Amino acid sequence: MAPTIRSPFRRTLALMASAAILAHAGMNGVAYAQTAPETTAPGVAAPAAPETAAPAPTPPVPAAPQQTAPIQGMPNNGPASVADLAEGLLDAVVNISTSQNVKDDEGAGPAPRAPDGSPFQEFFNDFFNKQQGNKGGNHNVSSLGSGFVIDPAGYIVTNNHVIEGADDIEINFANGSKLKAKLIGTDTKTDLSVLKVEPKAPLKSVKFGDSSTMRIGDWVMAIGNPFGFGGSVTVGIISGRGRNINAGPYDNFIQTDAAINKGNSGGPLFNMKGEVIGINTAIISPSGGSIGIGFSVPSELASGVVDQLREYGETRRGWLGVRIQPVTDDIADSLGLDTAKGALVAGVIKGGPVDDGSIKAGDVILKFDGKTVSEMRDLPRVVAESTVGKEVDVVVLRDGKEQTVKVKLGRLEDSDQAAASDDAAPDGSQDDGVITPDPGENQDMDQPDTGDQAKPAPDTPDQHKGQVSPDAATPKNVLGLSLSLLSAETRKAFGIAESVDGVVVTEVTPGSASAEKGLKPGDVIVEVAQEFMKSPDAVAAKVQALKQEGRRNAQLMIASANGDLRFVAVPME
């Protein structure tokens with residue numbers, strides 16, 4: 001009888017234990033399927049450690065779930081809370097509201113719209129009033145953004161676009177108090193501004209951290225004022241570094257998936273130490289809301305700008321006084337570089353810091369003040385971050401060899417006058433004020449060797465009616481280019497300035513490598529492989545010499561009619 005009674009009892013206990021195990025797994029989100037069950041005799045509490053039960057004809061019974069040991073290292077909870085970290089930072093993050101008085105212009109202007117980050121209906125009232133005949137007056141346009149206190153005395157950092165054009169700036173603190181702010185300084189190139197309020201008591205402030213130590217995958221926290229909801233906290237990771245979104249000449253953004261929305265602009269991005277490692281500035285979003293792609297100005301760039309704005313009310317950046325362009329694969333090959341790296345100097349601004357010959361057109365800048373220049377856009381940033389008047393070592397590639405030259409930096413803001421009088425400036429623009437890349441060579445790519453052979457052509461009479469005739473004594477066809485000496489006739493025909501010297505291109509063979517590189521009649525070949533060209537014969541001889549050296553591309557310094565310089569690497573057969 002005993003076996004008959006014992007077997008149903010054990011089956012019932014086993015079913016109850018199994019149900020409890022499944023219920024426990026469901027509550028914790030983890031099923032401990034790999035944990036070996038313990039055995040126990042019927043009617044006896046499961047021991048703390050496994051024991052050997054007396055032999056029995058029935059299968060062993062699983063232990064109660066509370067005795068089942070979890071898998072080593074398996075988490076029982078979600079990620080660690082950031083509540084303590086956020087609590088200590090919320091008071092230092094502020095909401096910024098601005099207003100601007102705008103003239104309606106007889107009511108004929110575009111209808112006002114709610115600014116980014118503003119949920120308030122009052123911004124639409126002006127529009128409706130205008131539609132009802134309220135024309136010719138003024139109306140206020142308001143906007144909301146974020147910022148953070150960096151000094152208990154009342155200095156606040158935000159984005160320039162948050163306060164740009166504002167007639168009135170008001171700071172709203174976490175405790176509900178409000179203070180009027182004045183603008184201390186702004187920098188449009190990095191989209192940063194510094195404000196100042198006059199508090200009755202010291203404010204809660206935060207400090208900048210070192211963004212250069214942050215790695216992709218590190219946790220970050222954003223606090224700001226999205227859509228007018230102040231004190232909003234979001235958490236994510238660093239998704240990327242060094243992003244260029246064409247927002248300015250010094251783009252080096254941190255990308256994060258921490259939710260950043262309209263109204264977060266100017267707010268801080270914190271590391272897990274509570275240090276500001278970024279200033280939230282932009283998002284990519286087809287919908288207008290966060291899709292997990294936000295961008296922050298890194299503290300390694302922002303902290304220096306903020307210090308200068310506080311001290312001087314303006315930025316004082318270093319200035320090298322050169323124009324640059326990318327080093328493409330073709331150009332790297334023509335210079336003997338193993339890889340495309342550095343920044344190619346296309347010209348030197350007259351009156352600039354390196355107009356003394358320390359840096360020359362054709363040099364490739366590989367290092368600046370100990371910092372590697374991996375690509376062209378690295379150079380403007382490291383130069384701008386340098387101190388005005390500082391002497392720095394610059395490593396350049398010249399004539400196939402690396403050289404170190406010492407230069408003394410000028411001030412970026414002093415560059416405008418020098419650039420305006422520099423005939424070699426590409427288009428008169430100074431977008432970054434430090435170094436003006438030539439846009440014409442940004443798309444150079446490797447091309448098949450389809451250029452014409454560099455053989456001296458026999459002297460021929462004029463074969464190009466309607467065009468300028470090459471000099472009858474020295475006509476040449478090189479790399480698909482018809483070349484001629486510069487003369488009064490060719491200068492007049494192509495409008496070439498007297499300051500330009502070299503060999504003029506009178507015709508370009510369609511489909512040739514030179515045509516694919518964008519060369520056109522009226523261009524002037526100034527140098528080939530960093531050697532000045534006086535005649536078409538010199539161009540042909542130099543190209544032939546490069547072929548014999550095993551070079552695949554010929555590096556040409558090309559001047560436009562008004563003297564704009566650029567470098568082109570043309571493939572050779």
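Numbering of residues begins at 1 and proceeds along the displayed sequence. Note that the structure is a prediction, hence the values are computed from the model and not measured.
With a 4.5 Å cut-off on side-chain heavy atoms, Val394 and Val354 do not count as touching. Taking 4.5 Å as the limit, every side-chain heavy atom of Val149 sits out of range of all side-chain heavy atoms of Lys204. Contact annotation: the side chain of Asp191 never approaches that of Val297 to less than 4.5 Å [non-hydrogen atoms, C-beta and beyond]. No side-chain heavy atom of Phe295 sits less than 4.5 Å from a side-chain heavy atom of Ile260. In this structure the side chain of Leu320 reaches within 4.5 angstrom of the side chain of Val407, judged on heavy atoms. Taking 4.5 Å as the limit, every side-chain heavy atom of Val276 sits out of range of all side-chain heavy atoms of Ile150. The closest side-chain heavy-atom distance from Asp151 to Ser205 is not below 4.5 Å. Side-chain contact check for Ser232 versus Asn264: every heavy-atom pair is 4.5 Å or farther apart.
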**Prompt:** Going through the distances and angles, do Phe173 and Val197 end up as a side chain to side chain contact (heavy atoms under 4.5 Å, CB included)?
**Reply:** CA-CA 11 Å; Phe173 294 90; Val197 296; 4.3 Å; yes
**Request:** Show the numbers, then the answer: is there a side chain to side chain contact (heavy atoms under 4.5 Å, CB included) between Ile254 and Ile238?
**Result:** CA-CA 7 Å; Ile254 293 172; Ile238 291 180; 4.1 Å; yes
**Request:** Please report the C-alpha distance between Asp210 and Thr213 in whole Å, then the side-chain angles of each, then the deciding distance to 0.1 Å, and finally whether the side chain to side chain donor-acceptor pair (under 3.5 Å) criterion is met.
**Result:** CA-CA 6 Å; Asp210 186 1; Thr213 63; 4.7 Å; no
**Request:** Could you please spell out the steps behind the side chain to side chain contact (heavy atoms under 4.5 Å, CB included) verdict for Phe270 and Val93?
**Result:** CA-CA 11 Å; Phe270 293 103; Val93 182; 4.3 Å; yes
**Item:** side chain to side chain contact (heavy atoms under 4.5 Å, CB included) between Ser296 and Asn280, intermediate numbers included
**Value:** CA-CA 4 Å; Ser296 301; Asn280 302 321; 2.6 Å; yes
**Item:** Working for salt bridge (charged side-chain N to carboxylate O under 4.0 Å, His left out), residues Lys371 and Glu300
**Value:** CA-CA 14 Å; Lys371 300 175 182 177; Glu300 58 188 301; over 6 Å; no
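Expressed to the nearest 0.5 Å, how far CG of Leu192 lies from NE2 of His161 amounts to 10.5 Å. How far CG of Asp564 is from CG of Asn562: 4.0 Å, rounded to the nearest 0.5 Å. Here the CG atom belonging to Leu90 is positioned 9.5 Å from the CG atom belonging to Leu85, to the nearest 0.5 angstrom. Taken from CD1 in Ile96 to OG1 in Thr158, the straight-line distance is 3.5 Å, to the nearest 0.5 Å. Atom CD1 of residue Ile237 and atom CE of residue Met214 lie 10.5 Å apart, to the nearest 0.5 angstrom. Atom OG1 in Thr188 sits 8.0 Å away from atom CD in Glu164 (nearest 0.5 Å).
Listed for the Ser299 side chain is a donor-acceptor partner under 3.5 Å among the backbone atoms of Ser211. Arg381 contributes no side-chain N or O that, together with a main-chain N or O of Leu301, makes up a donor-acceptor pair within less than 3.5 Å. Not one N or O on the side chain of Ser146 forms a donor-acceptor pair closer than 3.5 Å with the backbone of Gly224. Judged purely by atom type and a 3.5 angstrom limit, Gln325 uses its side chain to pair as donor or acceptor with the backbone of Phe567. Put simply, the side chain of Asn271 gets close to the backbone of Gly274: a donor and an acceptor are under 3.5 Å apart.
When the side-chain hydrogen bond (donor to acceptor under 3.5 Å, both in side chains) test is applied to Gln308, no partner is found at least two apart in sequence or on another chain. Under the rule for a side-chain hydrogen bond (donor to acceptor under 3.5 Å, both in side chains), the partners of Asp168 that lie at least two apart in sequence or sit in another chain are Lys180. For Ser177, the side-chain hydrogen bond (donor to acceptor under 3.5 Å, both in side chains) test picks out Asn175, with sequence neighbours left out. Every residue meeting the salt bridge (charged side-chain N to carboxylate O under 4.0 Å, His left out) condition with Asp393, not counting sequence neighbours, appears here in chain and number order: Lys406. The salt bridge (charged side-chain N to carboxylate O under 4.0 Å, His left out) search around Glu198 returns Lys196, not counting sequence neighbours. Partners of Asp218 by side-chain hydrogen bond (donor to acceptor under 3.5 Å, both in side chains), not counting sequence neighbours: none found.
Between Ala174 and Asp91 the shortest heavy-atom distance is CB-OD1, 3.6 Å. For the pair Ser193 and Leu183, the tightest heavy-atom approach, listed with the atom from each and the gap, is CB-CD1, 4.1 Å. Here the shortest heavy-atom pairing between Asn261 and Pro226 reads CB-CB, 3.9 Å. Taking both residues in full, the closest heavy atoms of Asn159 and Thr281 are given as ND2-OG1, 3.2 Å, listed atom of the first, atom of the second, then distance. Considering all non-hydrogen atoms of both residues, Val348 and Ala361 come closest at CG2-N, 4.2 Å. The two residues Asn172 and Ser97 make their nearest non-hydrogen contact at ND2-OG, 3.7 Å.
Among the candidates Asp378, Val395, Val392, the single residue satisfying the side-chain contact (heavy atoms from CB on, under 4.5 Å) test with Phe368 is Val392.
Checked for salt-bridge contact, Lys517 and Asp523 miss the test: no charged N lies under 4.0 Å from a carboxylate O. By the 4.0 Å N-to-carboxylate-O rule, Arg411 lies close enough to Glu314 to be salt-bridged with it. Comment: Glu275 does not engage Lys273 in a salt bridge, judged by the lack of any side-chain N to carboxylate O separation of less than 4.0 angstrom. A salt bridge links Asp363 with Arg398: at least one charged nitrogen is closer than 4.0 Å to a carboxylate oxygen.
Counting heavy atoms of neighbouring residues, nucleotides and ligands inside a 6.0 Å radius, atom CD of Glu391 exceeds 12 of them. Summarising the local packing, CG of Asp356 is surrounded by more than 12 heavy atoms from other residues, nucleotides or ligands at distances under 6.0 Å.
Geometric assessment of Arg310 against the ring of Tyr155 yields a positive cation-pi assignment under the 6.0 Å and 45° thresholds.
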